[in-house]
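Below is one structure, written out as structure tokens; the observations come after it.
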Amino acid sequence: MRSGSIRAFLLCMCASLLFLTFVGSLTSCREDGCVGGVSSVYQGESDDTSDSPTAPDDDISSEPVSTEETSSDVSSRTSEVKPLRITTQPKSALVEKKGSVKISVKAKGNGLTYQWYVKTDSETEYTAGKGLTRASLTVRHDGKWNNMFCYCMVTDSVGHTAVSDVAVITLQRPMKLLAVGDSICRGGRNSKKGFVGDLGLPYVNAGQNGATLSTKETAVTNIPDQLAGVTNYSPDIIIADGGVNDYIYNVPLGTVPKSPVSDVTGLSGEDLSTVMGGLQKLFALMRDRFPEAKRYYVITHKTTQRVPKLIEGKYVYTDGDRYVDWTVTSNKAGYTQQQLHDAIVACCKVYDVEVIDIYQKSELNTADRNFCSKTSYFDDPSVTDSEYVDIDGVHPLQKGYSEYYLPLIRKQMKKVLQQQTSELPLEILMQPTNAEIAPGESLTLSLRASGNKLSYQWYYKKAGQTAFSEWKGRIHESETVTPNASWDGIQLYCIVTDSHGNTIQSDTVSVTVR
């Protein structure tokens, strides 16, 4: 071969080697997920331009968050393959109208990508949200739906998938309150709102000063009639109080009922002239008029009566006033405030009304001279009131409500205020799949479902059998087994049941044993 031809051949070989090296480096970068030398675990905005339904763009947006899997994308450049698993599930949340809330998922694995699926309570199927392809999404409530359900499907670099729990975004609607009762409920003479106006809820306060449970005293209002007179209002919570005025007016206590009356018309006039009869009418009206409302009864604090002196035709409070301790002093009807308390508690139990026991559990006690001394009640006869209690010895002032009534009321209402999240719909989010394996290989059957307090039961039918049988002991959403040759052609499905007894059946899948 001539020397010129040899030189041309060598130059051609060098050029080919350089080209192959360049192509190889491009291929390697694409496999590692590199873009301009930067690695990212987040998938960008979706390029999907199809006409498939998507979540409203003004309701939901996808956002990146700092997650545990960020470092795993770097490790994907090595030969190590990390198992895919979700480490932090998305959490349900309340959101105000026109407000927003962020929902996130965290996972571990290699080269993770995300897809959120969403639906509102008026939709029957989940939709893959356009552009919702990051570990976090923000839901903005436009006021057009009550609940939005969402879950995330996480996929790793080898195609394994994991489905998150379903999170529910619920419109926060303040619960409406109705209050009935006497001056303790109404606020007495020196507090415009009492405890009712300070609970932070929309409310109607129908309480009136001097009101009684019984009908014996016609000069004052009747608490059951207050409730009966409320129209065009549907409360979520009813709070009532009363009984102290009945004690003052010497109303007969009556008999504690052993069972609730089926109809208020069954109570006679004689019954209604007693404390227990009036209380039964009140509770029966609560039950019949507002069956969905949560019912509470506030029992007034331990009280005394400060008896003023008549001086020059006027009643005047002086340092030498007489005090009547109602907790241990019987009225003319023959019972004490302690006995009144015990009867009210027993009647509440019969009618399934929750007691808020200020009398027993609060330190507010105007029958205790030591307590009153600590609150400057007796310090100076020229002072017309103290910080906590009105000078008459009965009515709390704003500070008395704030420190003694409100903490106990809020504590017992806390559960009700937290019951605004919705039930999860019973649905299968990821179906089990067909499988083909060799004898002795392990096989994992799994599905993913949403719902409340789910239980599972798998069923099977072997080749040649005509009916499915319950697979004893296989009661989990994921079951791992090691099939033998007799499994070839077996069919399986799972039935999922929620806490209300609703059921849903998965797809039927088959197993082929090679």
Side-chain angles (χ1 to χ4, degrees), residues 173-189 191-249 251-252 254 257 260-300 340 344 347-348 350-356 358 394-395 401 405 409 413 416:
R173 179 181 65 82
M175 304 188 82
K176 294 187 294 183
L177 172 66
L178 170 62
V180 294
D182 56 26
S183 56
I184 303 297
C185 164
R186 190 70 207 178
R189 296 178 297 176
S191 174
K192 297 292 185 182
K193 298 182 294 184
F195 59 80
V196 179
D198 285 330
L199 290 173
L201 299 174
Y203 70 93
V204 168
N205 189 348
Q208 296 182 29
N209 294 350
T212 59
L213 290 165
S214 74
T215 57
K216 182 175 182 294
E217 289 294 326
T218 57
V220 294
T221 63
N222 179 249
I223 296 173
D225 289 344
Q226 294 173 10
L227 187 74
V230 174
T231 59
N232 301 319
Y233 188 70
S234 298
D236 302 291
I237 302 169
I238 303 174
I239 292 182
D241 83 325
V244 174
N245 287 322
D246 295 86
Y247 171 88
I248 297 172
Y249 296 127
V251 172
V261 295
S262 58
D263 191 333
V264 291
T265 59
L267 294 168
S268 67
E270 185 178 353
D271 293 328
L272 297 177
S273 66
T274 68
V275 178
M276 288 295 102
L279 195 59
Q280 286 200 76
K281 180 179 179 181
L282 175 65
F283 290 164
L285 286 172
M286 285 183 181
R287 176 198 66 200
D288 298 340
R289 291 202 60 203
F290 307 109
E292 301 300 322
K294 179 66 177 177
R295 303 182 293 273
Y296 294 92
Y297 197 87
V298 177
I299 302 183
T300 303
L340 175 65
I344 292 175
C347 191
C348 286
V350 170
Y351 280 86
D352 195 25
V353 175
E354 187 169 339
V355 174
I356 302 178
I358 308 297
V394 178
H395 299 96
Y401 283 121
Y405 271 74
I409 294 172
M413 288 177 57
V416 175

- Among side-chain atoms of Asn245 and Thr212, is any donor-acceptor pair under 3.5 angstrom? no
With a 4.5 Å cut-off on side-chain heavy atoms, are [Y] and [X] touching?
| X | Y | value |
| --- | --- | --- |
| Val196 | Cys185 | yes |
| Pro224 | Phe283 | no |
| Leu201 | Lys176 | no |
| Tyr296 | Ile238 | no |

- Query: side chain to side chain contact (heavy atoms under 4.5 Å, CB included) between Thr300 and Ile358: does it pass, once the steps are laid out?
  - Reply: CA-CA 6 Å; Thr300 303; Ile358 308 297; over 6 Å; no
- Message: Could you work out, with side chain to side chain contact (heavy atoms under 4.5 Å, CB included) as the rule, every residue matching Ala211, not counting sequence neighbours?
- Response: Asp182, Thr221, Ile223, Gln226
Test item: [X] side-chain N/O and [Y] main-chain N/O as donor-acceptor pair under 3.5 Å:
| X | Y | answer |
| --- | --- | --- |
| Tyr297 | Gly242 | yes |
| Tyr401 | Asp198 | no |
| Asp246 | Val275 | no |
| Arg289 | Val230 | yes |

- Task: Flag the pair Arg295 and Glu354 as a salt bridge only when some basic side-chain nitrogen lies within less than 4.0 angstrom of an acidic carboxylate oxygen.
- Result: no
Distance from [X] atom [atom1] to [Y] atom [atom2], nearest 0.5 Å?
| X | Y | atom1 | atom2 | answer |
| --- | --- | --- | --- | --- |
| Leu279 | Leu267 | CG | CG | 11.0 Å |
| Arg186 | Phe195 | CZ | CZ | 11.5 Å |
| Ser214 | Leu272 | OG | CG | 9.0 Å |
| Ile239 | Leu178 | CD1 | CG | 9.5 Å |
| Asp352 | Met286 | CG | CE | 12.0 Å |
| Asp225 | Leu282 | CG | CG | 10.0 Å |

- For Met276 and Pro257, work out which heavy atoms get closest and say how close. SD-CD, 4.5 Å
- Item | salt bridge (charged side-chain N to carboxylate O under 4.0 Å, His left out): pairs with one or both residues in residues 232-241, sequence neighbours excluded | Arg173-Asp236
- Note on the structure: Residues pairing under side chain to side chain donor-acceptor pair (under 3.5 Å) where one sits in residues 265-286, two or more places apart or in two chains, turn out to be Asp263-Thr265, Ser268-Asp271, Gln280-Tyr351
- Task: For residues 212-234, pull every pair meeting ring pair (Phe, Tyr, Trp, His ring centres under 6.0 Å), keeping only residues two or more places apart or in separate chains.
- Result: none
- With sequence neighbours excluded, residues passing salt bridge (charged side-chain N to carboxylate O under 4.0 Å, His left out) with Lys216: none
- Query: Taking only residues two or more places apart in sequence or in another chain, which ones pass side chain to side chain donor-acceptor pair (under 3.5 Å) with Tyr405?
  - Reply: His301
